[in-house]
Amino acid sequence: MSTAMNFGTKSFQPRPPDKGSFPLDHLGECKSFKEKFMKCLHNNNFENALCRKESKEYLECRMERKLMLQEPLEKLGFGDLTSGKSEAKK
Amino acid sequence: MLGASYAAVPLYRLYCQTTGLGGSAVAGHASDKIENMVPVKDRIIKISFNADVHASLQWNFRPQQTEIYVVPGETALAFYRAKNPTDKPVIGISTYNIVPFEAGQYFNKIQCFCFEEQRLNPQEEVDMPVFFYIDPEFAEDPRMIKVDLITLSYTFFEAKEGHKLPVPGYN
């Protein structure tokens, strides 16, 4: 890792997230979906492409429990997984 | 690791409230981009995850996966975990860093847990997700040709009323 002496013009500027911050899931309402996703990652050499269904389901859980703003899944990059679901269409 | 990212902190500008920034125009544009972007499937990038806490914050904070393999143009989810092992509520606020620096412009966080105060009650443990993607333009940047590892580091600080955070711009 590079040293901390990287000051000057090459400083990294963090940017806020596009959609802001996730509310904390204090009650663990979506914990089981997270567990499913993590298990998928462990079983698939941490390859994101093979666990997209699980990540979509985690985010859907958040949306259902008002822990995330409702959004069509295509706008979250899951257009290829939605295939005709009416709730995902605008 | 402790202290390495802290040394660079004075150069960060922390945004207190994410909602006031950019507004819906920026968010709308970003959503359109996500909807229309095409994954660059032959360009696999390893994302590795670091977690730090500033010395005064008594949280246990760590990533739930050491790495994840993604491709540009594909949204990805990853998790951190934070626990407050004390007997008092503690409020933290985090910032992040990307290495290599030049890859940072392509690292887009759709939603995460940074830049806003997060309160953990005594003994509470929570999952902290990061939902992100690498911009497909990463694959077209000749400076990125040898970049196949991007490290995402989060650092949590304690946010106390009246307490001055060691970062400029924090309100």
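Remember, it's a predicted structure, so these values are computed and weren't measured experimentally.
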- Message: Only pairs of heavy atoms separated by less than 4.5 Å count here; which of A:Met68, A:Glu54, A:Lys31, A:Met38 has the most with chain B?
- Response: A:Met38

- Where does B:Phe132 contact chain A at under 4.5 Å (heavy atoms): side chain, backbone, both or neither? neither

- Answer yes if the side chains of A:Ser21 and B:Gln118 hold a donor-acceptor pair under 3.5 Å, and no otherwise. yes

- Query: Salt bridge between B:Arg43 and B:Asp148, side-chain N to carboxylate O under 4.0 Å?
  - Reply: no

- Message: With a 4.5 angstrom heavy-atom cut-off, is it the side chain or the backbone of A:Asn44 that approaches chain B, or both, or neither?
- Response: neither

- Task: Decide whether A:Thr82 and A:Lys56 meet the rule of one side-chain donor and one side-chain acceptor closer than 3.5 Å.
- Result: no

- Task: Sort out for me which of B:Gln64, B:Met128, B:Arg119 touches chain A most, counting heavy-atom pairs under 4.5 Å.
- Result: B:Gln64

- Query: Should the pair B:Tyr80 and B:Phe49 be assigned to parallel (<30°), tilted (30 to 60°) or perpendicular (>60°) ring geometry?
  - Reply: perpendicular

- Query: Please walk me through it: do B:Lys109 and B:Tyr96 pass side chain to side chain contact (heavy atoms under 4.5 Å, CB included)?
  - Reply: CA-CA 11 Å; B:Lys109 296 184 321 301; B:Tyr96 74 100; 3.0 Å; yes

- Item | Interface moiety of A:Leu59 toward chain B, non-hydrogen atoms closer than 4.5 Å | side chain

- Message: Counting heavy-atom pairs closer than 4.5 Å to chain B, which one of A:Cys51, A:Cys30, A:Ala49 comes out on top?
- Response: A:Ala49

- Is the shortest side-chain N to carboxylate O distance from B:Lys33 to B:Asp135 below 4.0 Å? yes

- Item | Contacting moiety of B:Glu124, where chain A heavy atoms sit under 4.5 Å | side chain

